[in-house]
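Remember, it's a predicted structure, so these values are computed and weren't measured experimentally.
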Amino acid sequence: MGSGNPSRSSQPHGLDVHATCRVLRSGTPSITSTAAAESASPHLAPSGSLSGEQRTSARRERLLAGVIPGVIASMVISSRTSDGYGGGGAMAAGSAGTGLKADLVLEGGGVKGIGLVGAVTRLAEAGYGFPRIAGSSAGAIVGSVLAAMQRAGEPTHRLVDIVRTLDYKKFRDRGRFGWALNMLGPVGDLLSLLLENGLYEGDYLRAWLASTLRALGVEKFGDLRLPEDPDSDIPEGHRYRLVVMASDVSRQRLVRLPWDYAEVYGLDPDEQPVADAVRASASIPFFFEPLTLRSGKDRGVSTLVDGGVLSNYPIAVFDRTDGKPPRWPTFGIRLSARDGEQARVTRPATGPVSLGLKVVETMIGAADAAHIHTPCALARSVFVDTSGISAVDFDITPAQQDGLLAAGREAAERFLAGWDFDRYRAVCRGGAQ
């Protein structure tokens with residue numbers, strides 16, 4: 001919706017909605033993975049954790065904590081301006097002085113999420129800052145780093161440099177006995193699934209993210225709080241720069257973190273680690289081990305998996321509910337071409353593990369189909385063509401990564417060439433205020 005602080009009601013960049021009109025007329029518990037850090041809260045525990053694996057993960061995170069902040073710190077600018085959101089200037093992420101705003105929704109898609117970075121940087125070059133960001137899976141990863149950068153007053157183009165510090169091959173982390181499981185081949189895969197409910201630990205991702213966010217001054221959701229805004233309809237429990245989607249398979253429901261920590265789990269949302277919530281959102285079923293969340297106030301234990309299972313593209317998450325039109329738009333970035341434009345690449349399943357992963361990919365791809373193909377959802381969506389790349393292709397080459405970045409930029413450029421906020425509001429959001 002765009003219910004942050006006030007700005008101009010008309011924004012000159014973006015998407016042509018003539019086609020749309022024609023269509024319309026016709027707590028401090030933490031979430032931990034199987035090899036959680038030694039300092040993890042007792043309220044949250046891994047699914048099938050072992051003390052030896054916990055020590056291994058802690059050593060890995062301490063090592064990364066010494067390396068990643070140094071890389072990020074070298075990127076941090078020395079002077080930062082305040083934007084009234086309690087940190088560095090959010091507009092520092094965009095072009096200087098333009099003051100355009102758009103809330104942002106980022107679709108999940110594994111390694112294809114590199115395309116999100118290209119699109120976001122191009123939108124920022126056009127002058128946009130992003131008061132609030134939502135995402136699932138890869139969208140949660142990119143969104144969390146972007147939210148922290150904006151709080152720190154960092155320019156968005158440095159998001160590319162930060163993401164390049166990820167070593168995608170290390171996403172296939174198997175803990176202290178990984179070498180033995182790898183030697184067993186498919187048998188090792190089945191053992192991982194049977195014993196730990198996932199092929200890989202997911203600890204590298206969590207450690208990289210925690211260190212990166214810490215270097216930008218963010219550890220808990222309280223660090224991403226927004227101030228009160230009397231002109232918005234944001235509930236008190238939703239006043240955060242970031243919200244990530246996760247699927248609670250124990251409660252059989254979608255959870256929006258940090259929004260649902262208090263009501264669903266009895267936990268203080270300000271005290272929950274951002275990296276843990278994002279790790280939950282990115283827990284691709286069967287690929288990464290699920291996360292186990294121990295609720296407060298005797299509300300039981302929940303198993304959390306990838307948010308994309310239930311909502312991979314929550315485009316309406318920031319829409320106003322008070323009947324008033326938005327003061328600025330919500331832009332969504334999808335990791336696929338428009339229907340009819342994307343080249344279909346078929347890859348047959350090569351075994352039970354491959355089949356399981358493809359089933360999950362299919363479920364995630366269809367999760368939001370009922371509402372994301374409506375004309376008004378399409379009108380505010382950037383479509384990044386990622387055809388030919390699998391969500392779990394962690395052997396992605398530097399050239400392929402560059403291609404995804406370029407595809408994201410090109411998609412955002414096409415979007416900006418036609419976007420008309422006034423027309424969008426008139427057709428889809430009830431007209432001008």
Side-chain angles (χ1 to χ4, degrees), residues 1-4 11 14-15 90 93-94 100-110 112-113 115-124 126 128-147 150 156 159 224 226 232 234 238 240-247 254-260 277-278 281-282 306-321 326-336 338 364-365 367-384 386 408 411-412 415-416 419 421 424 428-429:
M1 84 176 156
S3 59
Q11 304 195 44
L15 170 73
L100 299 175
K101 296 183 178 70
D103 291 328
L104 198 60
V105 174
L106 305 176
E107 186 176 41
K112 296 189 292 185
L116 299 172
V117 177
V120 166
T121 54
R122 181 63 192 93
L123 292 173
Y128 283 97
F130 311 107
R132 295 189 295 168
I133 304 165
S136 283
S137 198
I141 297 170
V142 174
S144 65
V145 176
L146 178 59
Q150 292 196 132
T156 300
L159 182 61
L224 295 176
L226 292 171
S232 79
I234 304 175
H238 293 189
Y240 296 91
R241 295 173 183 266
L242 175 73
V243 57
V244 302
M245 308 296 135
S247 300
L254 176 73
V255 289
R256 305 157 302 168
L257 306 176
W259 294 359
D260 292 329
V278 176
S281 181
D306 197 299
V309 172
L310 294 177
S311 183
N312 203 37
Y313 186 58
I315 186 61
V317 70
F318 295 133
D319 287 351
R320 295 188 77 122
T321 58
R327 292 170 295 172
W328 56 75
T330 293
F331 291 160
I333 304 179
R334 298 201 58 195
L335 294 171
S336 62
R338 284 178 177 269
I364 290 174
D368 299 297
H371 71 272
I372 64 176
H373 293 144
T374 63
C376 289
L378 295 174
R380 53 179 170 169
S381 296
V382 179
F383 289 86
V384 182
T386 59
F415 175 83
L416 289 168
W419 171 253
F421 183 44
Y424 170 80
C428 298
R429 302 295 298 162

Legend entry - Working for side-chain contact (heavy atoms from CB on, under 4.5 Å), residues V384 and R334: CA-CA 6 Å; V384 182; R334 298 201 58 195; over 6 Å; no
Inset, instruction - Measure the CG-CG distance between L104 and L123 for me, rounded to the nearest 0.5 Å. - result: 7.0 Å
Legend entry - Expected output: side-chain D103 to main-chain R132 donor-acceptor under 3.5 Å: yes
Inset, instruction - Hey, could you give me the OG/CG distance between S137 and L106, rounded to the nearest 0.5 Å? - result: 11.5 Å
Legend entry - Flag side-chain contact, heavy atom, 4.5 Å: L335 against Y313: no
Inset, instruction - Starting at CE of M245, measure out to CG of L310 and round the result to the nearest 0.5 Å. - result: 11.0 Å
Inset, instruction - Check the side chains of Y128 and T156 for a donor-acceptor pair under 3.5 angstrom, ignoring hydrogens and angles. - result: no
Legend entry - Carboxylate-amine/guanidinium contact D319 R380, below 4.0 Å: yes
Inset, instruction - Output all residues satisfying side chain to side chain donor-acceptor pair (under 3.5 Å) with S281, sequence neighbours left out; order by chain, then residue number. - result: none
Inset, instruction - Find the distance between CZ (F318) and CD1 (I133) and round it off to the nearest 0.5 Å. - result: 8.0 Å
Legend entry - Lys NZ or Arg CZ of R429 over Y424 ring: under 6.0 Å, within 45°: no
Inset, instruction - Measure the shortest side-chain to side-chain distance between V317 and V105 over non-hydrogen atoms and say whether it is less than 4.5 angstrom. - result: yes
Inset, instruction - Locate the shortest heavy-atom distance separating K101 from P329; write the atom from each residue and the value. - result: O-CD, 3.4 Å
Inset, instruction - Determine whether the aromatic ring centres of F415 and F331 lie less than 6.0 Å apart. - result: yes
Inset, instruction - Check whether the side chains of S136 and N312 place a donor and an acceptor atom closer than 3.5 Å, and report yes or no. - result: no
Legend entry - Shortest non-hydrogen contact from E107 toward S336: OE1-N, 4.4 Å
Legend entry - Minimum-distance pair of heavy atoms, taken over all atoms of I315 and T330: O-CG2, 3.9 Å
Inset, instruction - Identify the heavy atoms of L254 and A246 that sit nearest to each other, and give their distance. - result: CD1-O, 3.4 Å
Legend entry - Stepwise side-chain contact (heavy atoms from CB on, under 4.5 Å) test for L378 and F383: CA-CA 9 Å; L378 295 174; F383 289 86; 3.5 Å; yes
Legend entry - Test item: Q150 side-chain N/O and F130 main-chain N/O as donor-acceptor pair under 3.5 Å: yes
Legend entry - Heavy-atom pair of closest approach, residues A126 and L416: CB-CD1, 3.6 Å
Inset, instruction - Taking all non-hydrogen atoms of both residues into account, name the closest pair between A147 and L242 and its distance. - result: CB-CB, 4.2 Å
